[in-house]
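Since the structure comes first, as structure tokens, the remarks are kept for the end.
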Amino acid sequence: MAIYVTMITWTLPTIQAAAGGLPAFDMRPGGYDFAAAQTFLTALSQDGRDLYLGAQHRLDLIYPGLLALTLILGLRLVWAPRLATQFSIAACVAAVADYTENMLVGRMLRQTVDAVTPDMVASANWATLVKSAGDTIAMTALLIGGLLALYRRFRPAKS
């Protein structure tokens with residue numbers, strides 16, 4: 001949670017400010033196209049680029065794995081083993097996609113704007129979409145499982 005709070009309160013808002021208010025790639029769960037990527041990369045200052053490639057990516061080396069682990073442990077608490085395993089696969093896929101996204105975004109950030117290709121953006125966008133879908137599935141399963149567990153625990157006794 002400390003890593004997430006650090007990213008949400010420091011690195012990502014600072015990157016967004018350094019890009020004229022445009023959200024970082026990490027904060028676009030619905031993805032982005034080539035034009036949006038070019039607009040962001042053009043607007044991003046050198047300090048913002050350095051923060052993205054530096055502190056943000058260092059934090060994001062730890063965050064996906066910890067998020068997946070946290071989701072998996074939670075899923076195992078609220079679902080039967082078979083379902084917990086199936087939902088945990090979504091968390092693992094999301095973590096792999098997040099690491100892939102970080103690598104591909106890093107590649108784009110190291111290029112000049114003119115050197116970034118539509119294929120580079122499409123690959124990074126795909127990783128972003130897979131990350132978002134996997135996290136959404138795992139988090140929704142955890143929420144529903146947690147609500148069901150609470151209901152079972154506190155439901156009125158049958159008469």
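Starting from 1, each residue takes its place in the sequence as its number. All heavy atoms count here, side chains included; hydrogens, waters and symmetry mates do not.
- A side-chain hydrogen bond (donor to acceptor under 3.5 Å, both in side chains) with Y32 holds for exactly one of T39, N125, T128; it is T128.
- Nearest heavy atoms, D26 versus K131: O-NZ, 3.5 Å.
- Taking all atoms of both residues into account, the shortest heavy-atom contact from T117 to F34 is C-CE1, 3.5 Å.
- Considering OG1 of T6 and CG of L12, their distance stands at 10.5 Å, rounded to 0.5 Å.
- Rounded to the nearest 0.5 Å, atoms CZ (R58) and CE (M7) are 13.5 Å apart.
- Under the 4.5 Å side-chain contact rule for hydrophobic residues, L83 and L73 do not share a cluster.
- Chaining together hydrophobic side chains whose heavy atoms lie under 4.5 Å apart places L143 alongside L147.
- Side chain of T11 to main chain of Q56: no donor-acceptor pair is present (N/O by atom type, distance under 3.5 Å, no hydrogens or angles).
- Counting heavy atoms from C-beta outward, V93 and V130 have side chains that approach closer than 4.5 Å.
- Contact record, A43 with L22: CB-CD1, 4.0 Å, taken as the closest heavy-atom pair.
- Annotation for W10 and A55: closest pair CH2-CB, 3.6 Å, computed over non-hydrogen atoms.
- Interatomic distance, CZ of F40 versus CZ of R28, reported as 6.5 Å (0.5 Å rounding).
- Residue A138 comes nearest to L75 through the heavy atom pair O-CD2, 3.9 Å, listed as atom of the first residue, atom of the second, then distance.
- R107 places no side-chain N or O within donor-acceptor distance of the main-chain N or O of M120, the cut-off being under 3.5 Å.
- Taking a 6.0 Å sphere around CE of M103, one finds it holds more than 12 heavy atoms contributed by other residues, nucleotides or ligands.
- Of the possible donor and acceptor atoms, none in the side chain of W79 sits under 3.5 Å from a partner among the backbone N and O of G146.
- If you chain together ILVMFWY residues whose side-chain heavy atoms come under 4.5 Å of each other, Y151 ends up in a group of its own.
- Taking hydrophobic clusters as Ile, Leu, Val, Met, Phe, Trp and Tyr residues chained together by side-chain heavy-atom distances below 4.5 Å, L104 does not share a cluster with W126.
- Q16 places a side-chain N or O within 3.5 Å of a backbone atom of G21 that can act as its donor or acceptor partner.
- A continuous path of hydrophobic side-chain contacts links L59 to L66 [ILVMFWY only; heavy atoms under 4.5 Å].
- For Y63 against D98, the heavy-atom pair with the smallest separation is CD2-OD2, 4.5 Å.
- Aromatic ring pairs are classed by plane angle as parallel below 30°, tilted from 30° to 60° and perpendicular above 60°; the pair Y52 and F25 is tilted.
- Using a 4.5 Å heavy-atom threshold, the side chains of C92 and I72 count as touching.
- Between the CZ atom in R76 and the CZ atom in F87 there is a gap of 14.0 Å [rounded to 0.5 Å].
- Hydrophobic clustering places L44 together with V105 (ILVMFWY residues linked when any side-chain heavy atoms are closer than 4.5 Å, directly or through intermediates).
- From L51, atom CG reaches atom CG of D47 across 8.5 Å, with rounding to the nearest 0.5 Å.
- The hydrophobic cluster containing L71 also contains Y4, counting ILVMFWY residues as joined when their side-chain heavy atoms lie under 4.5 angstrom apart, directly or transitively.
- A donor-acceptor contact shorter than 3.5 Å links the side chain of R49 to the backbone of L41.
- Although no hydrogens or angles enter the test, the distance criterion places a donor-acceptor pair under 3.5 Å between the side chain of N102 and the main chain of D60.
- The shortest distance between side-chain heavy atoms of V116 and Q38 does not fall below 4.5 Å.
- Rounded to the nearest 0.5 angstrom, L109 CG and L53 CG are separated by 4.5 Å.
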